[in-house]
Structures are given as structure tokens and as C-alpha cells.
Amino acid sequence: MPSPEAGFVITIDGPAASGKSSTAREVARALGIRRADSGAIYRAVTAARLRRGDPPTSWTEQSVLDAAAAVSLVPVTDSFEVRIDGVGIDAELRGPAVTAMVSRVAGMQSVRARVDSLMRTCARDVAIVVDGRDMGTAVFPGAALKIWLVADVEVRARRRSLEMRGVEPDDEEVARAASALLARDEADARQTKPATDAILVDTSRLTPSEQVDRIVALANERISSL
Ligand code: C5P
């Protein structure tokens with residue numbers, strides 16, 4: 001199967017810990033195209049604003065937007081590296097300070113417009129897999145394939161704990177992670193909606209390779225019908 005051409009977009013949206021990031025990465029790899037993670041850009045904008053040091057209670061939308069100017073995306077082999085002031089910042093993006101503030105930042109409409117524009121720029125000259133919450137609705141409404149990824153909250157909690165701690169979580173830890181995820185679902189509800197033409201993939205009872213294979217098969221159907 002040949003790789004798709006520039007302009008071909010696959011969107012993978014869904015709630016936190018539904019498996020978007022790893023699925024998007026593997027689907028892009030299988031198709032030989034790049035992947036761009038919109039959540040990482042919201043996180044980078046949040047990290048850039050946190051670096052100014054004043055307490056989040058004093059953040060205005062304009063001050064967050066100003067901080068967003070330091071965030072850039074640089075194409076690398078199979079993705080786009082997110083940078084602040086030209087420097088890659090992966091570990092900082094996943095830290096608790098960023099996670100605690102990112103939903104508030106993502107609720108700012110001017111910040112959303114800036115992130116949308118960065119995402120569209122990534123897709124300008126290449127075929128791409130993009131993941132986030134609103135890629136198939138607000139950002140790429142004309143995408144060739146739209147996936148809405150879901151999983152039971154307990155499954156999401158178990159996966160998230162395992163990913164963060166590297167050990168199988170006990171029931172108490174799963175319950176704690178589940179309540180954090182439900183709080184984040186609530187905070188992100190406004191921008192987390194499936195496109196009407198999205199295909200729902202429930203990963204609760206799929207292995208990672210099954211979910212990737214299913215989406216790659218759907219993508220190949222679309223590519224061969226172009
Ligand atoms: O996907 P990830 O958990 O890294 O996303 C971090 C945050 O960025 C989400 O909790 C959400 O607030 C925001 N986000 C968004 N729209 C997107 C992607 C992420 O609002 N398309």
C-alpha cells in the first residue's frame with residue numbers, strides 16, 4: 001500500500017487516557033507518515049506560561065497568549081517536536097504542574113485559535129495523523145478518516161497508572177486515577193466531542209496492536225478509495 005499524499009489527514013480524538021497518543025504514533029508509523037499531538041501544544045503553552053513564575057490566579061488570557069508565542073513545532077523524522085524558545089521540552093510537559101493547569105488554558109478561545117493554526121500548519125505539506133479532542137470537529141472537519149477513541153474509565157485509569165508508575169496498580173490506586181480522569185473529562189467536556197462522521201473505536205477490550213490494526217485497515221480503505 002503506498003503512503004498517502006499531502007492533504008490526507010486522520011484525526012484520532014477522545015477523552016484522557018483513551019489511548020490516543022500511543023495509537024496515533026503507531027498508526028502514523030504503520031502508514032509511513034507524521035503524527036502531530038495537539039495536547040502536547042496545549043501543554044507547552046501552559047508550561048511556557050508557568051515559567052513566568054507568577055501564580056495561576058493572576059493569569060489573564062492575553063498573558064497566556066503572549067506566552068504561547070514562545071511555542072514552536074519542528075518537523076522531525078516521524079512527528080513534530082514541540083519546543084519552548086527553540087528548546088525541546090518533553091519531560092516538563094507531562095509534569096503535575098502543567099497537568100493541573102492545562103484544561104484552564106485550553107478553555108481560552110484565543111489560545112485554541114493559536115493551537116488550531118499551528119496544527120493546520122503541520123498538515124499543510126504532508127499526510128498526517130493528528131490526535132486530541134477536537135481535531136475532527138473544529139480543526140480538520142474535512143479529514144479523510146476520523147476516529148473517536150473511548151475506553152471504560154476503569155480501563156483508562158489502570159492504563160494511566162501503569163504508564164505513570166511502571167507497576168501494575170492496586171484497586172485503591174485505580175480508584176484514585178479514575179476520579180482524577182473523571183475530573184479531567186469534566187474540565188475538558190466543552191471541547192471533547194465526537195464528529196458526527198467519526199468512527200467509534202472502543203479500546204476497553206482491545207490490545208494495543210488490535211486497535212492500531214483496526215485503524216490502519218480503515219485508513220488503507222480510505223487511501224485505496226482516493
Ligand atoms: O491529550 P493530553 O492529555 O496531553 O491533553 C492535555 C490537555 O489539552 C487536555 O486535558 C485538554 O484540556 C487540552 N486539549 C484540548 N484540545 C485538544 C487536545 C488537548 O483542549 N485538541
Side-chain angles (χ1 to χ4, degrees), residues 9-28 35-50 56 59 61 64-65 67-68 71 73 79-84 88-123 128-141 143 146-151 153 155-157 159-164 177-195 198 201 203:
V9 178
I10 299 174
T11 62
I12 301 182
D13 289 312
S18 55
K20 299 184 300 289
S21 288
S22 51
T23 307
R25 195 178 310 115
E26 291 307 317
V27 168
R35 172 252 177 161
D37 172 6
S38 59
I41 312 179
Y42 285 104
R43 286 176 179 275
V45 172
T46 308
R49 184 63 186 84
L50 276 166
W59 294 6
E61 181 160 343
V64 176
L65 193 60
V71 175
L73 295 174
S79 65
F80 291 83
E81 187 179 78
V82 183
R83 297 185 178 172
I84 299 177
I89 29 88
D90 207 38
E92 190 177 335
L93 298 189
R94 307 285 144 200
V98 168
T99 300
M101 286 310 297
V102 66
S103 294
R104 188 173 139 210
V105 164
M108 298 174 174
Q109 287 314 304
S110 62
V111 174
R112 299 200 74 76
R114 166 93 185 132
V115 174
D116 293 357
S117 142
L118 285 169
M119 290 300 290
R120 291 193 188 106
T121 305
C122 289
I128 197 165
V129 179
V130 292
D131 58 297
R133 303 289 193 289
D134 60 347
M135 295 297 102
T137 50
V139 187
F140 298 103
K146 300 179 185 178
I147 302 295
W148 181 252
L149 220 53
V150 294
V153 69
V155 173
R156 291 194 282 142
R159 286 182 190 154
R160 179 51 54 92
S161 303
L162 186 60
E163 175 189 293
M164 304 291 281
S179 82
L181 283 174
L182 290 172
R184 190 125 79 93
D185 287 353
E186 173 92 31
D188 290 335
R190 200 151 60 108
Q191 47 263 2
T192 310
K193 294 203 174 69
V201 177
T203 69

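Just so you know, ligand 1 is whichever comes first in the structure, and atom 1 is the first atom listed for that ligand. Keep in mind the model is a prediction, meaning the values are calculated, not measured. Hydrogens, waters and symmetry mates are skipped; everything else that's a heavy atom, side chains included, is used.
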Quick check for students: name every N or O atom pair between ligand 1 and the protein closer than 3.5 Å, with distances.
unit_1, atom_1, unit_2, atom_2, d
ligand 1, 1 (O), Arg133, NH1, 3.1
ligand 1, 3 (O), Arg43, NH2, 3.3
ligand 1, 3 (O), Arg184, NH1, 3.0
ligand 1, 4 (O), Arg43, NE, 2.7
ligand 1, 10 (O), Arg133, NH2, 3.4
ligand 1, 10 (O), Arg184, NH1, 2.6
ligand 1, 10 (O), Asp188, OD2, 2.6
ligand 1, 12 (O), Asp188, OD1, 2.6
ligand 1, 12 (O), Asp188, OD2, 3.4
ligand 1, 16 (N), Arg112, NH2, 3.0
ligand 1, 20 (O), Arg112, NH1, 2.8
ligand 1, 20 (O), Arg112, NH2, 3.3
ligand 1, 21 (N), Ser38, OG, 3.0
ligand 1, 21 (N), Arg133, N, 2.9
ligand 1, 21 (N), Asp134, OD1, 2.9

Heavy-atom nearest pair, Tyr42 first then Asp116, reads OH-OD1, 4.1 Å
Thr192 vs Asp185, test: side-chain contact (heavy atoms from CB on, under 4.5 Å). Steps then yes/no. CA-CA 8 Å; Thr192 310; Asp185 287 353; over 6 Å; no
Taking all heavy atoms of Leu73 and all of Val82, pick out the closest pair and write down the distance. CD2-CG2, 3.4 Å
Taking side-chain contact (heavy atoms from CB on, under 4.5 Å) as the test, write out the residues that go with Arg94, two or more places apart. Asp37, Ala40, Arg43
Taken to the nearest 0.5 Å, the spacing of Ile41 CD1 from Phe80 CZ works out to 9.5 Å
Just to verify, which of Arg159, Lys20, Arg156 counts as forming a side-chain contact (heavy atoms from CB on, under 4.5 Å) with Thr203? Arg159
